[in-house]
Participant: 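Quick one: the structure is below, questions incoming.
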Amino acid sequence: NAGVTQTPKFQVLKTGQSMTLQCAQDMNHNSMYWYRQDPGMGLRLIYYSASEGTTDKGEVPNGYNVSRLNKREFSLRLESAAPSQTSVYFCASSRQADSYNEQFFGPGTRLTVL
Amino acid sequence: AQKITQTQPGMFVQEKEAVTLDCTYDTSDPSYGLFWYKQPSSGEMIFLIYQGSYDQQNATEGRYSLNFQKARKSANLVISASQLGDSAMYFCAMREPIFTDSWGKLQFGAGTQVVVTP
């Protein structure tokens, strides 16, 4: 039981390059989330998927796209990376998208855009 | 508007002492959840404790307890008998119901860095 896994752990991109961050959970959770963490700002929600087949924008969606491939997997795509997207990206999942379900986090992906 | 406020950017605590981390929140909905997460230097986010807005008693999980003062909109985390392994960043977070304008998102404070000294 691995919980939430993310790949890659580290990535360096040049401005304008694209990449996809992968996330998978094996807890049979319905809801999945992508956050970014910048120094001094806590975590901010980029996109979330309340259930398989649905995705919604979070607080900072610009420059990103997501795909809920199936119940287990939720990917985040940067189409044209910018230095402002240098951050640590966390994927999370929860049983349901309601107020009393804790979210379980993956180990994070540290992305640097030059 | 800032929903979660953690006013202590960093604090030192001696081993075996208790420490209180402050968290205040802002919501107009009567139904919400409050969470505390720990982030050690390795980077992972570890869930510590949860308090529901309708819970009558303060939540406790081992050495962690949540001092929930609903009228003051505060949800302070108390760590008793601090250990060196407690050195980490601690985040308070709130979740409002799906039907509110936050759409059930988990909203985080800026965090408090705790350093436990021998």
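So you know, we letter chains A, B, ... as the sequences are listed, proteins then strands, and number each from 1.
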Participant: Do other residues, nucleotides or ligands put more than 12 heavy atoms under 6.0 Å from Arg44(A) CZ?
Facilitator: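 Count over threshold, so yes.
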
Participant: Could you tell me whether Phe105(A) and Tyr37(B) have their ring centroids closer than 6.0 angstrom?
Facilitator: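 When the ring centroids of Phe105(A) and Tyr37(B) are compared, they turn out to be within the sub-6.0 Å range.
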
Participant: Hey, any chance Val19(B) and Phe68(B) share a hydrophobic cluster, counting ILVMFWY side chains that come within less than 4.5 Å of each other, even indirectly?
Facilitator: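 Yes, it is one cluster - the side chains of Val19(B) and Phe68(B) are joined through contacts under 4.5 Å.
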
Participant: For Gln51(B), which atoms come within 4.5 Å of any heavy atom of chain A: side chain, backbone, both, or neither?
Facilitator: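 It is neither, since no heavy atom gets under 4.5 Å.
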
Participant: Are Met32(A) and Tyr64(A) joined in one hydrophobic group, where the rule is that I, L, V, M, F, W and Y side chains link up if heavy atoms are under 4.5 Å apart?
Facilitator: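 Yes, Met32(A) connects to Tyr64(A) through the hydrophobic network.
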
Participant: Is it the case that more than 12 heavy atoms not belonging to Lys70(B) sit under 6.0 Å from its NZ atom?
Facilitator: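 Counting neighbours around NZ of Lys70(B), more than 12 heavy atoms of other residues, nucleotides or ligands fall under 6.0 Å, so yes.
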
Participant: May I ask whether Leu106(B) and Tyr48(A) are part of the same hydrophobic cluster, defined by side-chain heavy atoms of I, L, V, M, F, W, Y residues being less than 4.5 angstrom apart, directly or through others?
Facilitator: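 Yes, same cluster.
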
Participant: Ignoring hydrogens and angles, state whether a donor on the side chain of Gln39(B) or Gln37(A) is under 3.5 Å from an acceptor on the partner side chain.
Facilitator: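 Yes, a side-chain donor-acceptor pair sits under 3.5 Å.
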
Participant: What's the spacing between Leu45(A) CG and Gln107(B) CD if we round to 0.5 Å?
Facilitator: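 So the CG of Leu45(A) and the CD of Gln107(B) are separated by 9.0 Å.
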
Participant: In this structure, would Val114(B) and Trp36(B) fall into the same cluster of hydrophobic residues linked by side-chain contacts under 4.5 Å?
Facilitator: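 Per the 4.5 Å side-chain linkage, Val114(B) and Trp36(B) are co-clustered.
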
Participant: Could you check whether any side-chain heavy atom of Phe47(B) comes within less than 4.5 Å of a side-chain heavy atom of Gln103(A), counting everything from C-beta outward?
Facilitator: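 Side-chain contact under 4.5 Å: no.
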
Participant: So which of Gly111(B), Gly43(B), Ala93(B), Ser53(B) has the largest heavy-atom pair count under 4.5 angstrom toward chain A?
Facilitator: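 Counting heavy-atom pairs under 4.5 Å, the top option is Gly43(B).
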
Participant: What distance do Met45(B) atom CE and Phe104(A) atom CZ have between them, rounded to the nearest 0.5 Å?
Facilitator: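 The CE atom of Met45(B) sits 13.0 Å away from the CZ atom of Phe104(A).
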
